[in-house]
Undergrad: 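Starting off with a structure, shown below.
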Amino acid sequence: MCNDIKNAYIIYVQDGFDYLELGNLEQAMLHLVRDNPELAQHLVFVCIHPGDSFERWASFSSKGALFSQYIRFMNDEFIPTFEKRLKVEVILKRGLLGDSLAGNISLNIALENPDRWTHLMLQSPAVSIEDIGRIGNMNLSGWHVYQTVGIYEDEFITPMSN
């Protein structure tokens, strides 16, 4: 692990392998750092991949058997352990990135510990009415939320849930 970061911007990327393989995340970051070299000393991407589509559904869907355990694991174990080992003096920005069910789990991870997060980047998040209701009851004034939704999202039928 890198031990010389004084002020970090950390982004936890759910479905990290897909963002690397399909989303060209590495190329996008190389261009970003080339154009803004000062970011190279601050930017940390943590790519997390849930496994196969069944493990993804079980962990990322609010109807999945591992949903609550995954949120607890991320908030109570993974994130604190990772950041302790990273040995950063100050984390200035901490965000979550995810699309579809990964957007759902990103939102739910953040809702469990809202003071920890500054940024959410959600791409066509598969959120439920219950998730939206929880958001309405919280003070999230410190969050910067970036959300995109595809034009034909209503036409997509997932084989996992129909």
Side-chain angles (χ1 to χ4, degrees), residues 1-2 4-16 18-20 23-25 28-29 31-33 35-50 56-64 66-151 153-154 156:
M1 291 236 173
C2 179
D4 59 353
I5 300 173
K6 302 223 182 311
N7 300 304
Y9 312 139
I10 301 177
I11 301 171
Y12 292 90
V13 183
Q14 302 296 325
D15 278 343
D18 290 343
Y19 274 96
L20 289 170
N24 293 320
L25 179 64
M29 291 308 98
H31 289 281
L32 180 65
V33 170
D35 296 341
N36 304 282
E38 69 282 356
L39 284 178
Q41 298 299 316
H42 303 283
L43 197 55
V44 178
F45 277 81
V46 183
C47 293
I48 303 158
H49 195 68
R56 182 179 189 270
W57 173 261
S59 299
F60 288 5
S61 170
S62 58
K63 296 176 183 163
L66 302 175
F67 182 72
S68 296
Q69 293 93 325
Y70 186 80
I71 292 170
R72 187 203 57 73
F73 167 72
M74 288 298 296
N75 277 316
D76 297 347
E77 297 178 42
F78 183 82
I79 293 166
T81 300
F82 176 82
E83 291 179 6
K84 183 178 179 184
R85 289 185 180 171
L86 190 60
K87 296 182 181 173
V88 172
E89 287 183 26
V90 178
I91 298 172
L92 296 174
K93 299 177 184 181
R94 184 186 287 112
L96 288 155
L97 169 62
D99 110 284
S100 190
L101 280 177
N104 178 57
I105 197 65
S106 295
L107 175 62
N108 279 278
I109 289 168
L111 287 173
E112 287 296 314
N113 196 344
D115 294 336
R116 175 183 278 165
W117 304 98
T118 60
H119 291 73
L120 288 179
M121 291 148 287
L122 309 173
Q123 296 178 302
S124 300
V127 295
S128 68
I129 297 296
E130 293 81 15
D131 295 325
I132 294 168
R134 286 180 63 202
I135 294 168
N137 298 326
M138 301 180 83
N139 177 8
L140 305 175
S141 60
W143 284 11
H144 300 274
V145 179
Y146 305 90
Q147 179 173 311
T148 60
V149 178
I151 296 171
E153 288 297 312
D154 291 341
F156 177 72

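FYI, side chains are in, hydrogens and waters are out, and symmetry mates aren't considered; it's all heavy atoms of this structure.
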Undergrad: If we only count heavy atoms from C-beta on, is the L107 to P125 side-chain gap below 4.5 Å?
TA: no
Undergrad: Rounded to the nearest 0.5 Å, what separation is found between the CD1 atom of I11 and the CG atom of L97?
TA: 7.0 Å
Undergrad: So do F45 and Y19 actually touch side chain to side chain, heavy atoms under 4.5 Å?
TA: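 Sidechains of F45 and Y19: no contact.
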Undergrad: Where do V149 and S124 come nearest, in terms of heavy atoms and distance?
TA: CA-OG, 3.5 Å
Undergrad: For residues E77 and R72, determine if any side-chain heavy atom of one lies less than 4.5 Å from a side-chain heavy atom of the other.
TA: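 SC-SC contact between E77 and R72 confirmed.
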Undergrad: Any side-chain heavy atom of L86 within less than 4.5 Å of one from I10?
TA: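 Side chain of L86 against side chain of I10, heavy atoms only: contact under 4.5 Å found.
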Undergrad: Between H144 and K93, does the side-chain contact (heavy atoms from CB on, under 4.5 Å) criterion hold? Intermediate values first, please.
TA: CA-CA 10 Å; H144 300 274; K93 299 177 184 181; over 6 Å; no
Undergrad: Distance from C47 atom SG to L25 atom CG, nearest 0.5 Å?
TA: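 Answer rounded to 0.5 Å: 5.5 Å.
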Undergrad: If you measure from CG on L120 to CD on Q147, what distance do you get to the nearest 0.5 Å?
TA: 10.0 Å
Undergrad: How about I109 and W117: do any of their side-chain heavy atoms sit closer than 4.5 Å?
TA: yes
Undergrad: Indicate the atoms forming the closest heavy-atom contact of V33 with A40, along with that distance.
TA: CG1-CB, 3.5 Å
Undergrad: Evaluate the side-chain proximity of L43 to L32: yes if any heavy-atom separation is below 4.5 Å, no if none is.
TA: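 They are in side-chain contact.
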Undergrad: Do the rings of F82 and Y12 sit parallel, tilted or perpendicular, given the 30° and 60° boundaries?
TA: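 The rings of F82 and Y12 stand perpendicular, inter-plane angle above 60°.
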Undergrad: Mind checking whether P114 and W143 have side chains closer than 4.5 Å, heavy atoms only?
TA: yes
Undergrad: Taking all non-hydrogen atoms of both residues into account, name the closest pair between I48 and Y70 and its distance.
TA: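 It is CG2-OH, 3.4 Å.
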Undergrad: Where do N104 and A126 come nearest, in terms of heavy atoms and distance?
TA: CB-O, 3.1 Å
Undergrad: Around atom CD1 of I132, are there more than 12 heavy atoms of other residues, nucleotides or ligands at under 6.0 Å?
TA: yes
Undergrad: S106 and side-chain contact (heavy atoms from CB on, under 4.5 Å): which single residue from Q123, M74, M121, Q14 fits?
TA: Q14
Undergrad: Check L111 against D131 and note the closest heavy-atom contact, atom names and distance.
TA: CD1-O, 4.4 Å
Undergrad: According to the salt bridge (Lys or Arg N to Asp or Glu O under 4.0 Å) rule, which pairs have a member within residues 133-143, sequence neighbours left out?
TA: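 Every salt bridge (Lys or Arg N to Asp or Glu O under 4.0 Å) pair that includes a residue of residues 133-143, provided the two are not neighbours, is E112-R134.
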Undergrad: Going from CZ on R116 to CG on N75, what distance comes out if it is rounded to the nearest 0.5 angstrom?
TA: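 One gets 5.0 Å once the value is rounded to the nearest 0.5 Å.
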Undergrad: So which heavy atom on S59 is nearest to which on I105, and how close?
TA: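 In terms of heavy atoms, the two residues are closest at O-CD1, 3.4 Å.
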Undergrad: With rounding to the nearest 0.5 angstrom, report the CG to CZ distance, D115 to R94.
TA: 10.5 Å
Undergrad: Hey, is the main chain of Y9 close enough, under 3.5 Å, to the side chain of H42 for a donor-acceptor pair?
TA: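 Looks like no, no N/O pair under 3.5 Å.
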Undergrad: Do M29 and L39 have side chains that approach each other closer than 4.5 Å (heavy atoms only, starting at C-beta)?
TA: no
